[in-house]
J.: 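Quick one: the structure is below, and I'll ask about it shortly.
What you see is a predicted model, and the numbers here were worked out from it, not measured in a lab. The figures here come from the full heavy-atom set of this structure, side chains too, leaving out hydrogens, waters and symmetry mates.
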Amino acid sequence: MHKIIISTIITAFLSSASLCLAEDIKTEDKNGDGRPDMWIYYENKIPVKIESDRNYDNKLDLWIIYGKNASRTTQIDLNFDGRPDMYSYYQYGRRVKLEIDVDYDGKLDQINEYTDGR
């Protein structure tokens, strides 16, 4: 009986926690298959992160993280292995840095820094 009560309490807690989180996450179904493939996370009604499955294989391959002072980091999995291979850093809408793992070995091969977006 003790295990049933604990199980019920845990289930109720997880359900209520999911509902709280659901208010802060919006999903989109870009390819119309009935399953979400984009998740937009909000804090105080402001988007703070976007995750997406661009090729619809049920694995994330795009991450956009919004920071303070109009900064943004975009991470893209170019070869769809579940790990980001390209990192773009933006400040006030302009790219300030680009890092790419060209040969997909987990090490950055190309790093470009930009001034005024160039």
Side-chain angles (χ1 to χ4, degrees):
M1 182 69 168
H2 183 68
K3 289 181 180 180
I4 294 172
I5 293 171
I6 291 174
S7 176
T8 304
I9 291 171
I10 290 172
T11 302
F13 174 76
L14 292 175
S15 297
S16 64
S18 298
L19 291 175
C20 292
L21 289 175
E23 293 177 355
D24 294 326
I25 302 172
K26 178 184 172 190
T27 61
E28 293 184 20
D29 177 12
K30 295 292 189 182
N31 65 344
D33 67 354
R35 296 180 302 189
D37 38 52
M38 179 179 281
W39 296 262
I40 305 168
Y41 297 82
Y42 293 88
E43 286 182 11
N44 300 319
K45 299 183 180 182
I46 298 171
V48 293
K49 179 172 64 170
I50 296 174
E51 298 176 331
S52 182
D53 173 12
R54 298 174 303 130
N55 66 337
Y56 313 116
D57 67 350
N58 297 315
K59 293 190 296 187
L60 295 176
D61 45 50
L62 171 69
W63 301 264
I64 301 172
I65 299 108
Y66 297 96
K68 297 182 189 232
N69 300 321
S71 67
R72 179 181 87 220
T73 302
T74 301
Q75 302 174 2
I76 300 174
D77 178 4
L78 299 171
N79 63 344
F80 304 109
D81 68 351
R83 297 179 310 181
D85 308 299
M86 184 169 79
Y87 303 82
S88 294
Y89 302 91
Y90 297 85
Q91 188 74 43
Y92 300 107
R94 293 178 180 233
R95 183 183 287 169
V96 294
K97 191 175 192 180
L98 173 67
E99 302 173 333
I100 304 174
D101 175 8
V102 178
D103 56 6
Y104 309 119
D105 67 352
K107 298 175 187 168
L108 296 173
D109 303 303
Q110 182 178 341
I111 299 173
N112 299 322
E113 296 196 22
Y114 300 88
T115 304
D116 296 326
R118 304 175 191 202

J.: Taking only residues two or more places apart in sequence, or in another chain, which ones meet Tyr56 in a side-chain hydrogen bond (donor to acceptor under 3.5 Å, both in side chains)?
T.: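 Not a single residue meets the side-chain hydrogen bond (donor to acceptor under 3.5 Å, both in side chains) criterion with Tyr56.
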J.: Ignoring hydrogens and geometry, is there a side-chain-to-backbone donor-acceptor pair from Asn112 to Leu98 under 3.5 Å?
T.: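 Not a single qualifying donor-acceptor pair exists.
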J.: Please tabulate, for side-chain N and O atoms in residues 60-67, each donor-acceptor pair with protein atoms closer than 3.5 Å (sequence neighbours left out).
T.:
from: Asp61; atom 1: OD1; to: Arg54; atom 2: N; distance (Å): 2.7
from: Asp61; atom 1: OD1; to: Arg54; atom 2: NE; distance (Å): 3.1
from: Asp61; atom 1: OD2; to: Arg54; atom 2: N; distance (Å): 3.3

J.: Not counting sequence neighbours, list each pair that qualifies as a salt bridge (charged side-chain N to carboxylate O under 4.0 Å, His left out) and has a residue in residues 67-80.
T.: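 Passing the test, one end in residues 67-80: no pairs.
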J.: Under the rule for side-chain hydrogen bond (donor to acceptor under 3.5 Å, both in side chains), what residues qualify as partners of Asp109, not counting sequence neighbours?
T.: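 side-chain hydrogen bond (donor to acceptor under 3.5 Å, both in side chains) check on Asp109 returns nothing, list empty.
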J.: By side chain to side chain contact (heavy atoms under 4.5 Å, CB included), which residues pair with Thr27, not counting sequence neighbours?
T.: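 Side chain to side chain contact (heavy atoms under 4.5 Å, CB included) list for Thr27, sorted by chain: Ile25, Pro36, Trp39.
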J.: If hydrophobic clusters are built from ILVMFWY residues whose side chains come within less than 4.5 Å, do Val102 and Phe80 share one?
T.: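 Val102 and Phe80: separate clusters.
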J.: Evaluate the criterion side-chain contact (heavy atoms from CB on, under 4.5 Å) for residue pair Lys49 and Tyr42; output intermediate values, then yes/no.
T.: CA-CA 7 Å; Lys49 179 172 64 170; Tyr42 293 88; over 6 Å; no
J.: Please check: side-chain N/O of Asp81 versus main-chain N/O of Arg83, any donor-acceptor pairing under 3.5 Å?
T.: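 Such a contact is found between Asp81 side chain and Arg83 backbone.
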J.: Let's go through Tyr92 and Asn69 carefully: what are the C-alpha distance in whole Å and the side-chain angles of both, what is the deciding distance for side-chain contact (heavy atoms from CB on, under 4.5 Å) to 0.1 Å, and is it a yes or a no?
T.: CA-CA 7 Å; Tyr92 300 107; Asn69 300 321; 3.8 Å; yes
J.: Just grab all the salt bridge (charged side-chain N to carboxylate O under 4.0 Å, His left out) pairs involving residues 27-47, residues at least two apart or on different chains.
T.: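 For residues 27-47, and leaving out neighbouring residues, the salt bridge (charged side-chain N to carboxylate O under 4.0 Å, His left out) pairs sorted by first residue read Lys26-Glu28, Glu28-Lys30, Asp33-Arg35.
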J.: Holding to side-chain hydrogen bond (donor to acceptor under 3.5 Å, both in side chains), I want the full list of residues that pass it with Lys59, two or more places apart in sequence or in another chain.
T.: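 By the side-chain hydrogen bond (donor to acceptor under 3.5 Å, both in side chains) rule, Lys59 matches no residue at all.
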J.: Are Lys97 and Tyr90 close enough that some pair of their side-chain heavy atoms sits under 4.5 Å apart?
T.: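 No, their side chains stay 4.5 Å or more apart.
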J.: How far does CD1 of Ile76 sit from CG of Asn79, to the nearest 0.5 angstrom?
T.: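 That separation rounds to 12.0 Å.
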J.: Please name all residues satisfying side-chain hydrogen bond (donor to acceptor under 3.5 Å, both in side chains) with Tyr87, sequence neighbours left out, ordered by chain then number.
T.: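 Scan of Tyr87 (side-chain hydrogen bond (donor to acceptor under 3.5 Å, both in side chains), adjacent residues dropped) gives none.
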